[in-house]
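Quick notes on the structure that follows.
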Amino acid sequence: MKWVLHVDLDQFIAAVEIARHPELRGKPVVVGGNGDPTERAVVATASYEARAFGVQSGMPLRIAARRCPDAVFLPSDPDAYLEVSARVMAAVRRLPVVVEVLGWDEAFVGAETADPEALAVAIKEAVTRETGLSCAVGIGDNKLRAKLATGFGKPGGIYRLTRENWWDVMGARPPDALWGIGGKTVKKLAELGITTVLGLAEADPAELAARFGPKTGPWLRLLGGGIGDAEVSATPWVARSRSRETTFQRDLTDPAEMAAEVSALAKRVAQDVADEGRPAARVAVKVRFVPFLTHTHSITLPEPTSDGAEIDRAAQEVLAMFELTRAVRLLGVRAEFPRED
């Protein structure tokens, strides 16, 4: 029988750092920025010991330090994480499986086997043997169920979620227990009287389409039934965009200074686009105002280009869409590649 497995490395970034610094094992470790909680940066990841204090990914480092004063803060080292991730994926690929990489710390695995649990054990052993890291493995009959199953297996376990036990496990849970549904959608569903996964699966398709649109509405109902794609592809992931951003240690209040920073970011993005060998079709600018309000605007370029001056010009045009009357703490520029690529 064909199975989809989801492999998710436990506390990946923190685990890599702890492997490099064994003396930190068992201590609350927080990784992010330059490792200085007095600077403006966010948590990339935290060890389970730090998470017990409420430290979460994406949280400002200063808040993490407030919640866990005894935490050890370390700078982020993307090159090290990329190297370990590559070793993990190579180890899994040596098994008789198809591997679809989702990111540094997770992948879908497709396989035909009579014993998916035994395969999951083999994957866990291969990862540990190669890197010393642990992972959870979710077993499903499609990607959605495999991905959700991993959450029940963490940390370091194995869990199977299929059509047979879907309703028993998921039916009474809130809709945001599903992969792809967030808080805003949950509120809108609640307005329709839908508060469980089972309720979503049994919802009126026409009502969902009217509230969420002709594509999203039916898709949400399918999610409720645990229905999803079961095809695992080894085709390499292709980036849809390239972006750069800077968090400023001092708030920017001068629009001219903001424009200069956006120009510098645009030039870096343009170089990334040139290195990618694909032209950009759209340019976006992200502005995070004080204290933490983030807005993004974008425009479509007259024609796809890799020209740095054109990307810079477009970024300045987008920046002009913002009302820059408040202090700014972060600026970002993103170049998106054509959809047909």
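Values reported hereafter were calculated over all heavy atoms of this structure, with side chains retained and with hydrogens, waters and symmetry mates removed.
Residue pairs satisfying the side-chain hydrogen bond (donor to acceptor under 3.5 Å, both in side chains) criterion with at least one member in residues 96-124, sequence neighbours excluded, are listed as follows: H6-E106, E100-K143, E106-K147, E117-R160. Listed by first then second residue, pairs satisfying salt bridge (charged side-chain N to carboxylate O under 4.0 Å, His left out) with a partner in residues 191-206 read E191-R211, not counting sequence neighbours.
Remark: R250 pairs with E257 by the salt bridge (charged side-chain N to carboxylate O under 4.0 Å, His left out) rule, at least two apart or across chains. Here Y159 pairs with F152 under the ring-ring contact (aromatic ring centres under 6.0 Å, His included) rule; sequence neighbours left out. With sequence neighbours left out, Q271 forms a side chain to side chain donor-acceptor pair (under 3.5 Å) with D275. Here R66 pairs with nothing under the salt bridge (charged side-chain N to carboxylate O under 4.0 Å, His left out) rule; sequence neighbours left out. With sequence neighbours excluded, the residues satisfying ring-ring contact (aromatic ring centres under 6.0 Å, His included) with H297 are F322. With sequence neighbours excluded, no residue forms a salt bridge (charged side-chain N to carboxylate O under 4.0 Å, His left out) with E49.
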Side-chain donor-acceptor pairs under 3.5 Å in residues 70-82, sequence neighbours left out?
residue: D77; atom: OD2; partner: R20; partner atom: NH1; Å: 3.2
residue: D77; atom: OD2; partner: R20; partner atom: NH2; Å: 2.9
residue: Y81; atom: OH; partner: E17; partner atom: OE2; Å: 2.6
residue: Y81; atom: OH; partner: D77; partner atom: N; Å: 3.1

Expected list for residues 86-93: side-chain donor-acceptor pairs under 3.5 angstrom, two or more places apart:
residue: R87; atom: NE; partner: E130; partner atom: OE2; Å: 3.3
residue: R87; atom: NH2; partner: E130; partner atom: O; Å: 2.6

Using atom types as modelled, flag every donor-acceptor pair under 3.5 Å from a side chain in residues 36-44 to any protein atom, sequence neighbours excluded.
residue: D36; atom: OD1; partner: T38; partner atom: N; Å: 2.9
residue: D36; atom: OD1; partner: T38; partner atom: OG1; Å: 2.7
residue: D36; atom: OD2; partner: T38; partner atom: OG1; Å: 3.1
residue: E39; atom: OE1; partner: N34; partner atom: ND2; Å: 3.0
residue: R40; atom: NH1; partner: F248; partner atom: O; Å: 3.1
residue: R40; atom: NH1; partner: D251; partner atom: OD1; Å: 2.3
residue: R40; atom: NH2; partner: D251; partner atom: OD1; Å: 2.6
residue: R40; atom: NH2; partner: D251; partner atom: OD2; Å: 3.4

Passes side chain to side chain donor-acceptor pair (under 3.5 Å), D8 versus T150? Steps please.
CA-CA 7 Å; D8 196 342; T150 313; 5.7 Å; no
Chi angles and distances behind the side chain to side chain contact (heavy atoms under 4.5 Å, CB included) call for R288, T294:
CA-CA 4 Å; R288 179 165 294 152; T294 306; 2.7 Å; yes
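Hydrophobic side-chain contacts under 4.5 Å tie I227 into a cluster, directly or through other members, with L222.
Atom CD of E303 has 12 or fewer neighbouring heavy atoms from other residues, nucleotides or ligands inside a 6.0 Å radius.
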